[in-house]
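Throughout, protein chains are lettered first and strands after them, A, B, ... in sequence-line order, and every chain is numbered starting at 1. Values below: every heavy atom of this structure, side chains too, minus hydrogens, waters and symmetry copies.
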Amino acid sequence: MSLFAEVVFPLPLSQSFLYAVPPALAGAAKPGSRIRAPLGSKIHLGFIVRLLEESPSQIVQLKEILEVIDDIPTISEEILSFTEKLSSFYFSSWGEFLAASLPPSAAVRTATKTTLTDKGRELFKAGKLSRDEGKVAGFLQKKPYSLVFLRKMAGPKNMSQLAARMEKKGLIRVERESKALRPKTEARMTPGPAQLELDFSADRSAERAASEILRAMGRGEFAPFYVFGRPAGRQAVYLRLLQQAMDRSKKALYLVPELSLAGPLQAVLEKKLSIRAVFVHGGLSDRAREAAWQRIKGHDADAVAGLRSALFSPADGLGLVIVDDEHDDSYLQLESPAYDARRGAWLRAAGAKAVLVYGSSTPSIEGFYHAQKEGYLLSLDDDGQARQAVVVDDHAEKGLISQKLKSGLHERLASGKPSVVFLNRRGYASFLFCPSCGYVPKCDRCHISLAYHKKEERLVCHYCRDSRPRISACPQCGSKVLEPKGVGVEAVEEELRRLFPQARIACFDSDRVRGRIVRERTLQKFRERKLDILVGTQLLAHQSGLSPVSLVGILNPEALLAFSDFRAAERTFLALSFMMRLADTGDGASQVLIQTAFPDHHSIREAARRDYRAFFQEEIRFRRLMNDPPFSALAEVSLFGRELRSLAEKAREFSGCVKLCSPDIEVLGPAFAPGALASGERRIQVILRTQKPELLDGALRSCLGGIKVKKTVLRDS
DNA sequence: AGCACGCCGACT
DNA sequence: GTCGGCGTGCTC
């Protein structure tokens, strides 16, 4: 009886391939095995995802698998089915997800050795080779090199094509050898078992939440939960759950959105619970990743904590999955393979019959809505420590800095206390404007107005980062005055220097604090009280290790509302909540001032009052009225390509197909995403929205399948 | 992703 | 007329 295998490759292909399994390999070939098989003109590393005994009705002549690399399948059944669901939902590459669950040593390297033949040497000496051929031959004169090295040194873009031509002509000989690296065993770290007296300092609501989740854990079934409350309360709940998981020899997965949160978390886990935790994130070296993987596989770790990619850690016997700061957009992976780690966590937990716990004090609207509706919301009591903000109506003020903020800053300066002023706009002005003809300088590529950066005297596109020197006269009418419009942080800094000439002021935005060192130095200076006022964008709000300050001023948060998509209010509320957190000194002596032209907008009003529920109530009403998520299902399809014309045609084809086959799906776009990507590609977006979520998947599947194009799909239902 | 094929302008 | 640059499409 013959055996066939469905194989996926760690390439950006949302497609599987069918191979014949030769009888000699039939014993070793299992779903989850790493294999080597010919694909195209090369031999690739792949994964068997299914075995078939029936001869599949296939016209093409099937190729054979060449080698099964492991006797025991490397990928567990659980990871296999989890990644299948995830890739199918997001139309991403199954193979790439599988590769993410393997250690660096599992990668297959293709070593090439290129040698100059006698004929090549002769023709080179005679000078009868073309420019590029000569270059390559020159390099190979003394000794053979790999193709990768030649590509780097000899320079031509199409090295592989050139090599193929030269090989055909008999000028060079290329030997290819692809081999799997053997895993090297690393010394295991075994932390001391210092068991501490546990102090969870949980209040009654945290107690209640924890015990409800613990009961679910005891049942050993999948169950989702949403813990809504302040960070300290949430952590108390998490620690209880982690302790329980450890006691029952179940493993835990703990996701955080930012790397800076991992350090403190590690300390808590190890000191408070003596949990053997492994941290994984993209910044790890190969060696560290290898060690982490070995510890996870070797059951030498109780918990895997990390960023979204930790989702793919091969932890067997998973009993608990925590997704903290559920609202954070860092859980989205926008590049291929695109996915949302929050949904990923759901799928993974469901597959492992584990308990899933989301947590946040400012949940995403969709997340909170579903938790409330499906009855898995657990609210913690507020500790009442957080300061509310005073909202100042901009209309009654003249000048950048309101009277209240001015006097607040003055007071702090007098008593030697530090202050922070936020304005979420880089540069000096968001654009220049010619008052006599209305001209506004725009980016040629992105067609958005250029921001004016006064320190560099340049006009900068905040989308593609392209910049040019500042123009001093209007190119359209010759007028000598160009007015700066839309205040940026640089202007605020300038104004503060004018108001408080004696104060030590610094600016913290992505232009001023390029790179880690400058960033750290500025924060250090602020911590050491060598600065009185720090002016910053949202970048500053996301810095960890900033101690609370006694005055936080927030200018024009309504700028965030200008982005006219349906999440603008949510983002504004979130950003404000974040910035306000910097005033949580705990002694009640701090103050937050929000200066805005929209004091009554619910996102600003409720953020100031620190009332998430009130914000949610109002926002959900708007969402319902507008049929926005969670009252409709959304899919954001991005198509990528070099050539805009054929790309646009494919986008039209796709949107047309959706319109044709599902009249109940609303199609927005296709729309160009401005700016070019790093790869030199362009992007076109099509957004699908529907009240009948069940239609979405079918429509995507039938319309996306027929169009050959690089794509990402992000969706939420 | 990598690679082959096929189409265009610029050179022996 | 070919070379080589670039863009499109396929890989079981």
Roughly how many Å is it from [atom1] in [X] to [atom2] in [N], rounded to a whole number?
| X | N | atom1 | atom2 | result |
| --- | --- | --- | --- | --- |
| A:Leu13 | B:dC3 | CG | C1' | 13 Å |
| A:Leu45 | B:dA1 | CG | C1' | 13 Å |
| A:Leu39 | B:dA4 | CG | P | 13 Å |
| A:Lys710 | C:dT11 | NZ | P | 19 Å |
| A:Lys711 | B:dA1 | NZ | C1' | 14 Å |
| A:Ile43 | C:dT11 | CD1 | P | 18 Å |
| A:Leu11 | C:dT11 | CG | P | 14 Å |
| A:Phe17 | C:dT11 | CZ | P | 7 Å |

Does A:Glu96 have any side-chain hydrogen bond (donor to acceptor under 3.5 Å, both in side chains) partners at least two apart in sequence or in another chain, and if so, which? none
With A:Ser638 via side-chain hydrogen bond (donor to acceptor under 3.5 Å, both in side chains) - residues at least two apart: A:Arg683
Of the nucleotides B:dA1, B:dC3, C:dT11, which one has an atom closest to the side chain of A:Gln15? C:dT11
Side-chain contact check for A:Lys42: nearest option of C:dT11, B:dC3, C:dC12 is B:dC3
Report which part of the nucleic acid A:Pro38 touches: base, sugar-phosphate, or nothing (heavy-atom distance under 4.0 Å, all strands). sugar-phosphate
How long is the span from the NE2 atom in A:His327 to the CG atom in A:Asp329, to the nearest 0.5 Å? 9.0 Å
What N/O pairs connect the protein and nucleotides 8-10 of chain C at under 3.5 Å? Give each pair on its own line.
| from | atom 1 | to | atom 2 | distance (Å) |
| --- | --- | --- | --- | --- |
| C:dT8 | OP1 | A:Ser646 | OG | 2.6 |
| C:dG9 | OP2 | A:Lys650 | NZ | 3.4 |

Side chains of A:Glu326 and A:Ser364: donor-acceptor distance under 3.5 Å anywhere? yes
Please tabulate, for the side chains in residues 278-286 of chain A, all donor-acceptor contacts under 3.5 angstrom to protein atoms that are two or more places apart in sequence or on a different chain.
| from | atom 1 | to | atom 2 | distance (Å) |
| --- | --- | --- | --- | --- |
| A:Ser285 | OG | A:Ala288 | N | 3.1 |
| A:Asp286 | OD1 | A:Arg289 | NH1 | 3.3 |

Sequence neighbours excluded, which residues qualify as ring-ring contact (aromatic ring centres under 6.0 Å, His included) partners of A:Phe97? A:Phe312, A:Tyr339
Less than 3.5 Å apart, which donor and acceptor atoms pair up between the side chains of residues 1-14 of chain A and the rest of the protein, not counting sequence neighbours?
| from | atom 1 | to | atom 2 | distance (Å) |
| --- | --- | --- | --- | --- |
| A:Glu6 | OE1 | A:Arg50 | NE | 2.8 |
| A:Glu6 | OE2 | A:Ser16 | OG | 2.7 |
| A:Ser14 | OG | A:Lys711 | NZ | 3.4 |

